[in-house]
Amino acid sequence: MTSAELKEILREDVLAGAEALLGAVLVRGELRARIVETEGYRAEDDPACHAFRSRTARNEVMFGEPGYAYVYFNYGVHWMLNVTAHEPGRAAAVLVRAAAPLDGLDVMRARREIGAEDPDSAIKNQKSKTKNQKLDRDLLSGPGKLAKAFDITRKDNGLNLLDPTSPLHLLPRTGSVRVVTGSRIGIAEGKGHDLPWRFMDADALESVSRPRPRGSR
DNA sequence: AAAATGATGCTCT
DNA sequence: GAGCATCATTTTC
């Protein structure tokens, strides 16, 4: 699949786009990771979509061209990375929920260490070697974790993710992917919480976020 | 193994 | 002022 082909799939349908993003590689400098979990959101009939009510300063990029980064801050704690979809005027986006690390694991680890931004916790971190090993398996297994490891923040909002010269971008997948679907995570009842708009790589379930589908580690 | 909880700040009403 | 597209830790079965 080429970048142009991926862009057309995203333009056509956000759910097909969410599926097509499985297996794509997220790149920032030396950092690389293979996307294994996504979710679709669309304004027209989905109350959970940030653009469902109205067009605001925050959700502005969702109303533009497909293939751009919609980044927002959530729960006062985490940044979330989305890929815009649909043609201009019809807001939609794919939330990138999890990835399998490929390259630059040392940098990801350093950014993900608990309390890494707290100057007084360096000593604490040294003592918890077992926790860091545990951390390794779940480096990117959630949208907040992935953003932290890739240093994704407000500054990345609006980047063209399908342009290989962007500081943060996507390489379309090469092979095929076996897909498993599920209900989206963290959606309140009555806001489309049971729509099967969560997509996962069936052969990489150990790297997806919780709750994981039954029968996986 | 699953459920509860507190942290934390931005966005929109 | 309320409500989050979460995470790590603690508490409970």
Side-chain angles (χ1 to χ4, degrees), chain A residues 14-15 17-18 21 35-63 69-86 91-99 108-109 111-118 120-121 124-125 127-158 181-200 205-217:
Chain A
V14 64
L15 301 180
L21 282 171
I35 294 173
V36 299
E37 178 183 0
T38 59
E39 282 177 0
Y41 292 84
R42 53 152 104 131
E44 42 216 55
D45 59 352
D46 172 16
C49 179
H50 287 171
F52 181 68
R53 287 176 169 274
S54 60
R55 182 169 183 158
T56 68
R58 177 175 66 158
N59 63 34
E60 183 64 27
V61 276
M62 260 200 279
F63 288 85
Y70 166 47
V71 179
Y72 70 93
F73 195 55
N74 197 20
Y75 289 106
V77 185
H78 302 290
W79 294 95
M80 305 279 133
L81 172 65
N82 297 253
V83 183
T84 60
H86 290 179
V94 176
L95 171 65
V96 180
R97 283 194 61 87
M108 297 180 193
R109 248 178 243 129
R111 292 203 178 123
R112 287 270 290 114
E113 267 170 31
I114 314 303
E117 62 280 333
D118 175 5
D120 292 325
S121 62
K124 260 189 266 174
N125 288 340
K127 289 186 179 175
S128 55
K129 232 182 218 170
T130 50
K131 281 193 177 172
N132 285 342
Q133 285 178 352
K134 210 168 158 186
L135 212 160
D136 241 22
R137 289 204 320 262
D138 287 307
L139 264 187
L140 310 173
S141 65
K145 302 176 190 177
L146 181 131
K148 180 109 190 213
F150 272 80
D151 187 32
I152 290 165
T153 66
R154 165 183 298 295
K155 73 184 183 310
D156 300 304
N157 191 49
T181 64
S183 331
R184 294 178 299 178
I185 304 302
I187 309 297
E189 206 165 325
K191 299 209 167 195
H193 72 286
D194 46 2
L195 294 171
W197 290 0
R198 180 191 188 200
F199 303 89
M200 291 160 280
L205 293 180
E206 68 281 355
S207 299
V208 308
S209 66
R210 306 213 154 101
R212 311 213 228 253
R214 292 189 68 90
S216 54
R217 284 183 292 177

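Order of the sequence lines sets the chain letters (A, B, ...), proteins ahead of strands, with each chain counted from 1. Computed from heavy atoms alone, side chains included, the values below leave out hydrogens, waters and symmetry copies.
Proximity of A/Lys145 to the phosphate of C/dA8: a side-chain N or O atom is located under 4.0 Å from OP1 or OP2. Regarding contacts with the backbone of C/dA8, a side-chain N or O of A/Arg112 is found under 4.0 angstrom from either OP1 or OP2. Between A/His50 and the phosphate of B/dT11, there is no side-chain N or O to OP1/OP2 separation shorter than 4.0 Å. Between A/Arg154 and the phosphate of B/dT11, there is a side-chain N or O to OP1/OP2 separation shorter than 4.0 Å.
Here C/dT6 presents its P atom at 16 Å from CZ of A/Arg212, a figure rounded to the nearest Å.
Geometric assessment of A/Arg184 against the ring of A/Tyr41 yields a positive cation-pi assignment under the 6.0 Å and 45° thresholds.
The shortest distance between side-chain heavy atoms of A/Trp197 and A/Asp46 falls below 4.5 Å. Residues A/Arg97 and A/Val208 form no side-chain contact, since every pair of their non-hydrogen atoms from C-beta on lies 4.5 Å or further apart. Annotation: side chain of A/Leu195 is not in contact with side chain of A/Ser183 (no heavy-atom distance under 4.5 Å).
Here A/Phe73 does not count as stacked on B/dG9, because the ring centres are not under 5.5 angstrom apart with planes under 30°.
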Discussion item. Give the dot-bracket line for DNA chain C from 5' end to 3' end: parentheses for intra-strand Watson-Crick or G-U pairs under 3.5 Å, square brackets for crossings, | for inter-strand pairing, dots for unpaired.
Written reply: ||||.|||||||.
Discussion item. Could you go through A/Met200 and A/Val36, starting from their C-alpha distance and side-chain angles, then the distance that decides it, and tell me whether this counts as side-chain contact (heavy atoms from CB on, under 4.5 Å)?
Written reply: CA-CA 6 Å; A/Met200 291 160 280; A/Val36 299; over 6 Å; no
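Partners of A/Tyr72 according to the ring-ring contact (aromatic ring centres under 6.0 Å, His included) rule, which considers only residues two or more places apart in sequence or in another chain, are A/His50, A/Tyr70.
Minimum atom distance to the side chain of A/Thr56 is reached by B/dC12, of the listed B/dC12, C/dA5, C/dT6.
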Worksheet item: Could you run down nucleotides 2-8 of chain B 5' to 3' and tag each one B, S or - for protein heavy-atom contact under 4.0 Å?
Response: -----BB
